[in-house]
Amino acid sequence: MKNYYSDLHIHIGRTRSGKPVKITGAKSLTFTNIIEHARNEKGLNIIGIIDCHSPEVIVEIAELMETGDVTEHPDGGLQYGDLTIIPGSELEIYDENCHGPIHVLAYFPTLSIMREFSMWLSNHLKNITLSSQRIYVSGRELQLKVKGLGGLFIPAHVFTPFKSLFGKGVQKTLTEVFDKNLIDGIELGLSADTSMADQIKELHDYSFVTNSDAHSLKKIAREYHVLQMEAPTFNELEKALHQIDGRKVQANYGLDPLLGKYHQTVCSQCFTLFNPEKGECSNCGSSKFIKGVADRISELKTVSTSPANRPPYIHQVPLEFIPGLGPKMLEKLLDHFGTEMAILHEVPLEKLEEIIPAKTAVMIVKAREGKLSLSAGGGGKYGKIAD
């Protein structure tokens, strides 16, 4: 068994010809740029690119396979050197059982199955070329289709106030919308960690994944997880999510929830802390608020402990959050140490201090050890390092 760094939620901003896929995604987020950046600079081993249903993206992948730059593994997954790509799709459900829109992730083992899924999707949404589109079938019908094609089904960023399972979609339980037996994992999102999510007992049945939901190249791997598997393939990923034959999620690495954009409940007008019991903002008097993830989980709480087999959740501060660490300094670090995974986890303090100012090097090590002071985020604004 080996450990593999994995980020399974990376968006495509544009096709190779420049057409939009994820409209809010960076233009540099093409399929080719993503796989090069994820392998060469981030140091990831397995990634999920979740806008691969877009027809022009499928063409780009097919052409990379024709030239031999990308190959298909017999156990599922696309190989780009030592990087494995799992093709996937993010979709929005809002059927008669939902109280609000829900984003979900679907993954498939081969390009031909991805193409088949794309053709089916084109009959059930308005624009097959774009990401995160609303699909006009029920949640359960989508689950059956994904599983019928041998795919994986994971609800996305399940606690965020907008477009998520618990943030908007259901009142109390995921079974209001989904068949619980056709879910392969739960994506936590940036404003929650394992200890928070495990306060909801029905989630004890699932592995948690921590992904970046990257809308730019630099955001890739701001959250990720480590998979213990025999090889980085689709079949092994499925086994890891279901803890089969020793495969498993070994650890989750993610933002301290305080750094997430939606951790606290805030006024939707002035973004100061809001107490719903008082009914109006103490700063501006508005009655409108954005409910934070921490408060939403408190409403849903049914237990206080995690299951015994739950892997550790390791709070991490991405390099882009480190004060004073700009693009030029990061480039110097990458030139010397290879990848961000190495910088975040392996390079000793004295080696960092040889390349960058001591103050910044100390901040990286403090972030690695969970010793930074943080101020909480909310209402769409990230938290900050207070040191």
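These figures come from a predicted structure and were not determined experimentally. All values below come from the heavy atoms of this structure, side chains included, with hydrogens, waters and symmetry mates left out.
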Near-ring test F108/F117, centroid separation under 6.0 angstrom: yes
side-chain hydrogen bond (donor to acceptor under 3.5 Å, both in side chains) between N211 and E187, worked out: CA-CA 7 Å; N211 299 317; E187 184 186 68; 3.0 Å; yes
Closest approach of L344 to V317 (non-hydrogen atoms, all atoms of both residues): CD2-O, 3.8 Å
Working for side-chain contact (heavy atoms from CB on, under 4.5 Å), residues L64 and T32: CA-CA 9 Å; L64 289 169; T32 300; 3.8 Å; yes
Pairwise side-chain contact, S282 with N275, heavy-atom cut-off 4.5 Å (strictly under): no
Heavy-atom neighbours of Q243 CD exceed 12 at 6.0 Å: yes
Polar side chain donor-acceptor pair, S304 to Q199, under 3.5 angstrom: no
Among E90, E92, H11, the one residue meeting side-chain hydrogen bond (donor to acceptor under 3.5 Å, both in side chains) with S132: E90
Side chain E141, main chain G139, donor-acceptor under 3.5 Å: no
Neighbour count >12 (heavy atoms, 6.0 Å) for atom NZ, K168: no
More than 12 heavy atoms of other groups within 6.0 Å of M1 CE: yes
T84 side chain vs I46 backbone, donor-acceptor pair below 3.5 Å: no
N/O donor-acceptor pair under 3.5 Å between R222 side chain and S212 backbone: yes
Check: R14 side chain, L29 main-chain N or O, donor-acceptor pair, under 3.5 Å: no
Interatomic distance, F274 atom CZ to Q269 atom CD [nearest 0.5 angstrom]: 10.0 Å
Hydrophobic cluster identity match, Y136 and L91, side-chain contacts under 4.5 Å: no
K291 versus P161, closest heavy-atom pair with distance: O-CG, 3.3 Å
Salt-bridge criterion met for E202 and K180 (N-O under 4.0 Å): no
Minimum side-chain heavy-atom gap V170-L165 below 4.5 Å: yes
S6 and H225: CA distance, side-chain angles, deciding distance, side-chain hydrogen bond (donor to acceptor under 3.5 Å, both in side chains) verdict: CA-CA 5 Å; S6 173; H225 47 277; 3.2 Å; yes
K19 and T129, any side-chain heavy atoms less than 4.5 Å apart: no
Heavy-atom pair with the smallest gap, counting every atom of S306 and R310: CB-CB, 4.2 Å
Same apolar cluster: L174 and M196, side chain cutoff 4.5 Å: yes
Check against side-chain contact (heavy atoms from CB on, under 4.5 Å), L190 and D213: CA-CA 9 Å; L190 303 182; D213 194 359; 5.9 Å; no
cation_pi(R140, F178) dist<6.0 Å, angle<=45: no
Check: D51 side chain, V21 main-chain N or O, donor-acceptor pair, under 3.5 Å: no
Distance flag, aromatic centroids of F162 and Y262, threshold under 6.0 Å: yes
4.5 Å side-chain heavy-atom contact, V146 and Q143: no
Point-to-point distance, once rounded to the nearest 0.5 Å, from NZ of K145 to CG of L182: 14.5 Å
Backbone of K332 reached by a side-chain donor or acceptor of H336 within 3.5 Å: yes
N/O donor-acceptor pair under 3.5 Å between S286 side chain and C281 backbone: no
Distance in Å, L330 CG paired with E340 CD, rounded so as to fall on 0.5 Å steps: 5.0 Å
Stepwise salt bridge (charged side-chain N to carboxylate O under 4.0 Å, His left out) test for K42 and D7: CA-CA 10 Å; K42 296 296 181 178; D7 177 0; over 6 Å; no
Separation of I186 CD1 from T210 OG1 (nearest 0.5 Å): 13.0 Å
Electrostatic pair K219:E320 at N-O distance under 4.0 angstrom: yes
Check against side-chain hydrogen bond (donor to acceptor under 3.5 Å, both in side chains), T233 and N235: CA-CA 5 Å; T233 68; N235 289 350; 5.6 Å; no
Any donor-acceptor pair under 3.5 Å from R296 side chain to T160 backbone: no
is_close_aromatic(Y313, Y253), centroid dist under 6.0 Å: no
Joint cluster assignment, L152 & F208, ILVMFWY side-chain distance < 4.5 Å: no
R16 charged N/C atom sitting above F31 aromatic ring, 6.0 Å / 45°: no
Atom pair CG/CG of N40 and L44 - distance to nearest 0.5 Å: 11.0 Å
Modelled atom types, side-chain donor and acceptor of E72 and T110, under 3.5 Å: no
Distance-minimising heavy-atom pair for S118 and I128: O-CD1, 3.6 Å
Residues D184, K147: salt bridge by 4.0 Å N-O rule: yes
Separation between OG1 of T173 and CD1 of I200, rounded to the nearest 0.5 Å: 9.5 Å
Atom of M341, atom of G43 and distance for their closest heavy-atom approach: CG-O, 3.7 Å
Close side-chain approach of Y107 to I50, heavy-atom, < 4.5 Å: yes
Flag side-chain contact, heavy atom, 4.5 Å: V303 against D198: no
Between Y224 and Q316, a side-chain donor and acceptor under 3.5 Å: yes
Main-chain N/O of T71 paired to Q79 side chain as donor or acceptor, under 3.5 Å: no
Intermediate values then yes/no, side-chain contact (heavy atoms from CB on, under 4.5 Å), C98 and E176: CA-CA 8 Å; C98 300; E176 294 168 33; over 6 Å; no
Residue pair H157, L188: steps toward the side-chain contact (heavy atoms from CB on, under 4.5 Å) verdict: CA-CA 5 Å; H157 44 74; L188 295 182; over 6 Å; no
Heavy-atom pair with the smallest gap, counting every atom of C52 and I61: SG-CD1, 4.0 Å
Note, I49 side chain near P87 side chain (heavy atom, < 4.5 Å): no
Electrostatic pair E331:K328 at N-O distance under 4.0 angstrom: no
I314 vs N252 side-chain heavy atoms within contact, under 4.5 Å: no
Side-chain H-bond candidate by donor/acceptor type, D69 with T67, under 3.5 Å: yes
